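Working notes, structure below.
It should be emphasised that the depicted structure is a prediction, and the values quoted were computed from it without experimental measurement. Counting begins at 1 with the first residue of the sequence.
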Amino acid sequence: MNEPVRRLSVVILVMFLVLMAGASYIQVITANDLNADGRNVRTLYREFGSFRGPFVVDGETVVKSVPVDDPFNYQRTYADGPLYAAATGYYSIVYGRSGLEQTENTLLNGSDDALFWNRLGDLFAGREQEGASVSITLDSTLQQVATEQLGDQRGAVVALDPTTGAILAMVTSPTYDPAALAGHNTEQVNENYQELLNDPTGPLVNRAIAGDTYPPGSVFKLVVSAAALESGYKPDTEVYAPQELDLPGTSATMTNYGGEKCTSGDTMTLADALRVSCNTAYANLGMSLGWGVIERKAKEFGWTDQIDIPLRAAASNLPVDPNEAQTAMASIGQYDDRATPLQMAMVASAIANQGTLLNPYLVDTVRAPDLSVIQKTEPTEYGQPMTRADASKLRDMMVGVVDNGTGTRAQIPGVKVAGKTGTAETGTDAPPHTWFVGFAPADKPTIAIAVLVENGGDLGAAGKDPTGGVVAAPIAKAVMEAKLAEDGDL
């Protein structure tokens, strides 16, 4: 072979090697990146072209994929979409996934390791790959009642089974219809998404677990009460409760709601201070206990932790190294205290469950296409923020709140209800946020609940004086009544 031919052969060989290396790099090294690239229409067709498993609530399918005659093969449909959007999220060819559609994606699309043998069987049988079905813990009746009770008011309701941690209701208002983002007309989907995004009421925000956290106001007094009981206080311990409390290191003073006196004298029992939600008593109590004691107790209830249900809940916030005046404010749920409705439902749940807090969860059972169970959530303990004895004392104090305190509008005839109201200043000219936290029946709870109505809801918008006892307590009552009726306790 002459020299020119030899050189040409080497050049051709090198070109082949470069070509092979480039093809191998694209097919092996960058394959995952290419598959994940939103511009890869083939990936979209492959993902949307296979059967995606359904979501089930109370044995009824609320989200499913139905065959359609277009390149995507299946259309995701949402029965009662707005009712369950806080849990399911959306599945969109344009905007991807959110909610359980995201966290349970590999189970729903059939690619999860737990479905390996099902995929293998489908391959040999020549069947189309199918995803698993996911049963959600939500109670459809409670979800509906909570939604109706909130109405058009901005806010959230979270209800838990205190004995298991199962989430019975998770409602955020306003909500949206996931079907508006699941269509195959990309232009229309874009238009729908921008409309939701530009809505000043924030329908895409899940107020129950994420987005903004809220000042808890007087419902935080439950945490301070738990810390006090652990420190040796008893429900009948006399605490200082002046009409006006000087805040150390400042010229400011703290007063009670409406400037009223909590008691005819300057002291009252701890139980009565909770019953009438006495600010000066709890502010002084917080300074006496010290912030470190309260902070430790709050963290035992879940504060500062991100909770996965498996949706990621925002961490509730506590002040960092507050001075005495700031401690006084934080002890009544103001200053830098912030919480999600889920966090406050966890507080109620721990007290209801004799001091033991169970991890909240939203997914009950996952079934393969052949209906065999491949995943079942079992209750797990988050921690024990209170002893059984202290939880029993605080429960009785909360019963007093509903029997003849600030929470009387949560009363249910024939049933003892434990609760705590909250009216939280926002630091703006807007009306306060209104809260109710509680559980029923008090002696053997089957539901623990937290209700938040932003800025006092309709009452605040009307320029009236909203409180947790007036605005949030009746909503909680209706949801608890629905649960008790289901259980045959009414």
Side-chain angles (χ1 to χ4, degrees), residues 51-66 74-91 97-105 107-109 130-150 156-182 206-209 308-311 313 341-342 345 359-369 371-379 446-449 478-487:
F51 179 82
R52 188 173 179 83
F55 285 115
V56 178
V57 174
D58 288 341
E60 299 292 328
T61 299
V62 297
V63 180
K64 63 182 178 179
S65 295
V66 297
Y74 288 96
Q75 171 68 60
R76 198 69 165 160
T77 63
Y78 297 83
D80 291 321
L83 185 64
Y84 299 109
T88 65
Y90 56 76
Y91 183 62
R97 302 171 292 267
S98 71
L100 291 177
E101 290 277 28
Q102 168 61 29
T103 63
E104 309 307 291
N105 183 55
L107 289 164
L108 293 166
N109 67 22
E130 294 186 7
S133 64
V134 176
S135 293
I136 305 174
T137 59
L138 298 178
D139 181 308
S140 59
T141 299
L142 304 192
Q143 192 79 357
Q144 184 69 49
V145 170
T147 299
E148 291 172 353
Q149 289 294 313
L150 269 178
V157 176
V158 176
L160 304 175
D161 181 338
T163 65
T164 65
I167 298 175
L168 303 176
M170 185 172 73
V171 171
T172 179
S173 176
T175 184
Y176 69 100
D177 189 351
L181 304 179
N206 188 342
R207 289 166 164 83
I209 64 169
D308 289 329
I309 60 173
L311 307 184
L342 173 64
N359 282 300
Y361 63 94
L362 195 54
V363 174
D364 179 28
T365 307
V366 179
R367 296 181 181 274
L371 300 184
S372 62
V373 175
I374 58 175
Q375 181 179 308
K376 172 72 175 174
T377 303
E378 298 294 338
T446 58
I447 179 172
I449 191 168
V479 178
M480 289 188 290
E481 279 184 320
K483 174 60 174 168
L484 296 174
E486 282 187 349
D487 296 340

Below 4.5 Å, heavy atoms only, C-beta onward: do [X] and [Y] meet side chain to side chain?
X	Y	answer
Leu311	Met170	yes
Pro178	Thr88	yes
Tyr361	Ile167	no
Val366	Thr377	no
Ile447	Leu142	yes
Leu160	Leu168	no
Val157	Leu150	yes
Glu104	Pro310	yes

Minimum heavy-atom separation for [X] to [Y], with atom names?
X	Y	value
Tyr90	Tyr176	CD2-OH, 3.4 Å
Pro379	Thr164	CB-O, 3.5 Å
Phe51	Tyr74	N-CE1, 3.7 Å
Leu100	Leu108	O-CD1, 4.0 Å
Ala345	Ala448	O-CB, 4.3 Å

With sequence neighbours excluded, what pairs up with Asp177 under the salt bridge (Lys or Arg N to Asp or Glu O under 4.0 Å) test?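 With sequence neighbours excluded, Asp177 shows a salt bridge (Lys or Arg N to Asp or Glu O under 4.0 Å) to no residue whatsoever.
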Residue from Thr175, Leu83, Asp80, Thr172 passing side chain to side chain contact (heavy atoms under 4.5 Å, CB included) with Thr147: Leu83
Interatomic distance, [X] atom [atom1] to [Y] atom [atom2] [nearest 0.5 angstrom]:
X	Y	atom1	atom2	result
Ile136	Gln143	CD1	CD	9.0 Å
Asn359	Glu378	CG	CD	13.0 Å
Leu362	Ser135	CG	OG	11.5 Å
Leu181	Tyr91	CG	OH	14.0 Å

Could you pull out all donor-acceptor pairs under 3.5 Å where a side-chain atom in residues 53-66 meets a protein atom, sequence neighbours excluded?
residue, atom, partner, partner atom, Å
Asp58, OD2, Ser140, N, 2.8
Asp58, OD2, Ser140, OG, 2.6
Ser65, OG, Arg76, NH1, 3.1

Any chance you could lay out the salt bridge (Lys or Arg N to Asp or Glu O under 4.0 Å) test for Lys483 and Asp139, step after step, and finish with the verdict? CA-CA 9 Å; Lys483 174 60 174 168; Asp139 181 308; 5.1 Å; no
Could you go step by step and tell me if Glu481 and Val145 meet the side chain to side chain contact (heavy atoms under 4.5 Å, CB included) rule? CA-CA 10 Å; Glu481 279 184 320; Val145 170; over 6 Å; no
Please identify each residue that fulfils side chain to side chain donor-acceptor pair (under 3.5 Å) with Thr446, with sequence neighbours left out. Asp487
Using modelled atom types only, decide if a donor and an acceptor are shared between the side chain of Arg52 and the backbone of Glu101 within a distance under 3.5 Å. yes
Run the side chain to side chain contact (heavy atoms under 4.5 Å, CB included) check on Met480 and Ile449 step by step: do they pass? CA-CA 8 Å; Met480 289 188 290; Ile449 191 168; 4.1 Å; yes
